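We use all heavy atoms of the structure for the numbers below, so side chains are in, but hydrogens, waters and symmetry mates are not. All values reported here derive from a predicted model rather than from experimental measurement. Order of appearance sets the numbers: ligands from 1, and atoms from 1 within every ligand.
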Amino acid sequence: TRSTRPQRLLHAVQKNATRGDPRSVINAIDQFCRHKEWAMNVGDEKGCILDSVVSEVNPSTVLELGTYCGYSTVRIARLLPPGAKFITLEFNPKVAKIARQVIAWAGLEDKIQLVEGASGDLIPKMKEQFGVETFDLVFLDHWKDRYLPDTKLMEECGLLKKGSILLADNVICPGTPDYLEYIRNSPRYKSQYFKSHLEYTKVEDGLEKSVFLG
Ligand SMILES: O=C(NCCCOCn1ccc2cnccc21)c1cc(-c2ccc(F)cc2)cc(O)c1O
Ligand SMILES: [Mg+2]
């Protein structure tokens, strides 16, 4: 039977990237998605904005919602200080299996805890099951209609502290209108929009960075 797009992306990494070299894994995926097959990685343009936010926050605890093939996971993990706790959630077991291999090819498996399941189920378990107090940085990149309910859930579960940063992908395309409306009008957040483009295209998209004010 025909391979899946994530499988073909993994093969491109194994063929073109150097084991243990995160930068070459990032480049191999970007080349594959630009010249062979589009895939919904955050990409290199928005990826540079992600890099700058991660470097600025220098987080001890990170949550990523939406691993996919591990592209943004590798981008984030390569910038984390030693000892940082990085949890990434993936809903689709087949995709998670590919992501584990991409992350391993980059040599970053010891920095990342990939958990399979739904954010709505796992977020309430973060403290007890994963030993997390609060998250310094959350990267939202999963189902676009889950950004708002999961943000409210993280607030309710006490997973955000004064200064916690939420960085949301795709706020224009595919779009997260209810999340944007909430986060831009809530007195509990200070938000900033980083205009960019949908990965590997000329279509407008952007990242919304929001600071939790407590
Ligand atoms: O849909 C997208 N991402 C989400 C994947 C499933 O995520 C499911 N998922 C992953 C953890 C997780 C945890 N709990 C529940 C669901 C959970 C997504 C889509 C596009 C896109 C843009 C234009 C198009 F024409 C077509 C697609 C671009 C992106 O950058 C995206 O991120
Ligand atoms: Mg995305």
State plainly whether the residues [X] and [Y] are in salt-bridge range, i.e. N to O under 4.0 Å.
X: Glu133; Y: Lys161; answer: no
X: Lys202; Y: Asp205; answer: no
X: Arg34; Y: Asp30; answer: no
X: Glu90; Y: Arg100; answer: no

Q. Under a strict 4.0 Å criterion on non-hydrogen atoms, which protein residues are in contact with ligand 1?
A.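 Contacts of ligand 1 under 4.0 Å: Trp38, Met40, Gly66, Leu89, Glu90, Phe91, Gly117, Ala118, Ser119, Asp141, His142, Trp143, Lys144, Asp169, Asn170, Cys173, Pro174, Leu198, Glu199.
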
**Q.** Closest non-hydrogen atom pair, Pro59 against Leu80
**A.**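 Nearest heavy atoms, Pro59 then Leu80: CG-CD2, 3.7 Å.
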
**Q.** More than 12 heavy atoms of other groups within 6.0 Å of Lys190 NZ
**A.**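 Check fails, neighbour count at 12 or below.
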
Q: Please state whether the rings of His142 and Tyr147 are parallel, tilted or perpendicular, taking 30° and 60° as the class boundaries.
A: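 Judged by the thresholds at 30° and 60°, the geometry between His142 and Tyr147 is parallel.
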
Q: Under 2.8 Å from the Mg ion (ligand 2), which protein N, O or S atoms are there? Could you list them by chain and number?
A: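 Listed by chain and number, the nearby protein N, O or S atoms are Asp141 OD1, Asp169 OD2, Asn170 OD1.
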
(Q) Less than 3.5 Å apart, any donor N or O on the side chain of Arg184 or Ser191 sitting next to an acceptor on the other? (A)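 Side-chain D/A pair, Arg184 to Ser191: absent.
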
Q. Any link between Ile172 and Tyr200 through a network of hydrophobic side chains (Ile, Leu, Val, Met, Phe, Trp, Tyr) touching at under 4.5 Å?
A.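 No, no single cluster joins them.
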
